[in-house]
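Every chain is numbered from 1, with letters handed out A, B, ... down the list of sequences. Excluded from the calculations below are hydrogen atoms, water molecules and symmetry mates; all remaining heavy atoms, backbone and side chain alike, are included.
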Amino acid sequence: MARQDERPWPIPPRRQRRRLAPGPSTGAPGEETDTDVGVAGRLRLVRPQGRLAFATLDDPSGQVQLFARDGVTADFEQFGKLAIGDWVGARGRVVKTRRGELSVLVERWELLALARRGFGDKWRGVSDTETLLRHRELDLWVGDRTREVLVLRSQVLAALRRALWDRGFLEVETPVLHPIPGGATARPFVTHHRALDLDLYLRIAPELYLKRLVVGGLERVFELGRVFRNEGISPRHNPEFTMLELYLAYADYQDLLGLTEQLVAEVTRAVLGRTTLEVHGRTLDLAPPWRRATMAELVSEALGRPLDVHSPRPVLEEAARGLGLVPEPSWGPGKLLLELYEKAVEPTIVGPLAVLDHPVEVSPLARRHREDPELTERFEVVVAGRELANGFSELTDPEDQRARFEAQARAREAGDEEAMVVDEDYLWALELGLPPTAGLGLGVDRFVMLLADASHIREVIAFPTLRPEAPGA
RNA sequence: GCGCCUCUAGCUCAACGGCAGAGCAACGGACUCUUAAUCCGCAGGUUGGGGGUUCGAAUCCCCCGAGGCGCACCA
């Protein structure tokens, strides 16, 4: 077996690449240096020309030209047969061509991997969206944007973890397979455990398990993980997506909103170096403090008359119809107010804006507001018309929680497939005592979309869910 | 889920009721400073799948499949 330093390409490749970089402005065209370097990467272009050959070697850190010459380059004949997409390792001296291009005059080289499949049109590449989505490895190499966004995503994840570790949060992992789907209102995926002969659900949220950890005495926890919702696919929805949830004992929603502001601004600054964003040509600033307004205030402002959860039902219904909504009999005042907000207010928000005090009817896991039992101590952070995060003072009273679950269960009976189910294990845990706690959920994919100014969620997911290709297609 | 649009060579696209074509890639050849190298040659297809109308269908109609856009649902 060859010793490492006898291989034609550098180990690791990246270190030697940097040694090549300093020269480009200093050397004169035609100059040959004594600097010996090794490079490795994938060929983007090959230009054989008789007893010379040029190839553009590409890797994430840049591009370098390989310059092969008959009599200098080993196996010159074979070098000219290299093709776009082949992986090549090469070693030689740094030179400048007569045209002034910094190059490696190849002495030894090796084919590291053969591209048996074409990489599309030399100039235009592959632009068929379907092919690119189904073969993201091709997309990654052909399109810079794809790679940049995935790098950004990784930086966001790292910055989130760092920010939370710095604040004493413990990262935990809770089950993905749930006997009862809970923690959110959404339709779940169902699967089956053979040995237990038991239906299990892919989690729609880690919330209930995380709060059970707080009951157990872990006062600051977070989980950064995949959740699954059996709903439609759209530019903003993938069936599996990444959510950050964190729980902070001895805190209420106001404290948590402050933390959320810090966290979002800190991560944005870590990744982009600034807190301002361009979204659809508009500039907004994620630096705290964010504007705060209650849902009732926002709805009243938008509709030009005072409305809240205590408004007479017919008044709310009429307002809903006025916006083209079709109120269902099962909707209470809280649901009506939420619908008004989502229709008339949310899409118009540039933000960042913290929407406060959601109706208790639509917040089955949030603590009742200290000033109005029909509301909860809850906030949603909205940026560019989309919800980025959702936080609230947690409901810690097991009696109230049982009543909320039962209300949800009734809605489920009435046909609402997204409504929750009574979770006895969770109630059992609450009966042990959950200290005052505030909890936050943040859609990581949405956050990355915002920072990358991406209009489709699939841009920020390496392998978005697609229907399998039809056999005949 | 619903509506509209798209699907032709490996890739990017023409042909729009009358012999399926081009550029790039591939393959063979020429070329010692190229930058989407250039030049010569050669090959490449159940026109997404199935059915129908027609003397004749890539083209018109129907069904199916996948994708895109919009709406709905949400994070």
Report which part of the nucleic acid [X] touches: base, sugar-phosphate, or nothing (heavy-atom distance under 4.0 Å, all strands).
X	answer
A/N230	nothing
A/G443	nothing
A/F67	base
A/G125	sugar-phosphate
A/L442	nothing

Check this for me: does any side-chain nitrogen of one of [X] and [Y] sit under 4.0 Å from a carboxylate oxygen of the other?
X	Y	value
A/E380	A/R378	yes
A/K96	A/E101	no
A/E317	A/R321	yes
A/R226	A/E240	yes
A/R386	A/E346	no

Say you pick atom [atom1] in [N] and the same atom in [M]; how far apart are they, in whole Å?
N	M	atom1	result
B/C27	B/G49	C1'	31 Å
B/A58	B/G1	P	32 Å
B/A14	B/U6	P	12 Å
B/C39	B/C31	C1'	9 Å
B/C55	B/G45	P	31 Å
B/U8	B/G44	C1'	14 Å
B/A57	B/C19	P	12 Å
B/U38	B/C33	C1'	14 Å

From [options], pick the nucleotide closest to the side chain of [X]?
X	options	value
A/Q65	B/U32, B/U35, B/C24	B/U35
A/R229	B/C74, B/G23, B/U35	B/C74
A/H237	B/C74, B/U35, B/C24	B/C74
A/A83	B/U34, B/C13, B/A26	B/A26
A/K122	B/A26, B/U35, B/A36	B/A36
A/T97	B/C74, B/U35, B/G67	B/U35
A/P235	B/G70, B/C33, B/U12	B/G70
A/L52	B/C74, B/U12, B/C33	B/C33
A/R69	B/G23, B/C33, B/A36	B/C33
A/L133	B/U12, B/G67, B/A75	B/G67

Does [N] have OP1 or OP2 under 4.0 Å away from a side-chain N or O of [X]?
X	N	result
A/R134	B/G67	yes
A/R458	B/C69	yes
A/K81	B/A26	no
A/H456	B/C69	yes
A/T129	B/G68	no
A/R187	B/C73	no

Whole angstrom is fine here: how far is it from [atom1] in [X] over to [atom2] in [N]?
X	N	atom1	atom2	result
A/K96	B/C33	NZ	C1'	14 Å
A/R47	B/U32	CZ	P	17 Å
A/E77	B/G28	CD	P	11 Å
A/E339	B/C73	CD	C1'	10 Å
A/W141	B/A25	CH2	C1'	12 Å
A/I84	B/A26	CD1	P	6 Å
A/Y341	B/C73	OH	P	14 Å
A/I457	B/G68	CD1	C1'	17 Å

Pairing partner of [N] (Watson-Crick or G-U wobble, both distances under 3.5 Å):
N	answer
B/G41	B/C27
B/G70	B/C2
B/U59	none

- request: Of all the heavy-atom pairs spanning A/V360 and A/T376, show the shortest one and how long it is.
  value: CA-CG2, 3.6 Å

Pair A/R153, A/T242: side-chain N/O donor-acceptor within cut-off below 3.5 Å: yes

- prompt: Will you find, in the side chains of A/R47 and A/T56, an N or O donor that is under 3.5 Å from an N or O acceptor?
  reply: yes

Under 5.5 Å and under 30°: A/F54 stacked on B/A37: no

field: Check: A/Q49 side chain, B/U38 base, donor-acceptor under 3.5 Å
entry: no

message: So, under a plain 3.5 Å distance rule, would you say the side chain of A/D128 forms a donor-acceptor pair with the base of B/G67?
response: no

field: CD (A/E173) with more than 12 external heavy atoms under 6.0 Å
entry: no

message: Heavy-atom nearest nucleotide on RNA chain B for A/L388 versus A/S234: which residue maps closer to 5'?
response: A/S234

- line: On RNA chain B, more 5' by nearest nucleotide between A/D70 and A/A389 is A/D70

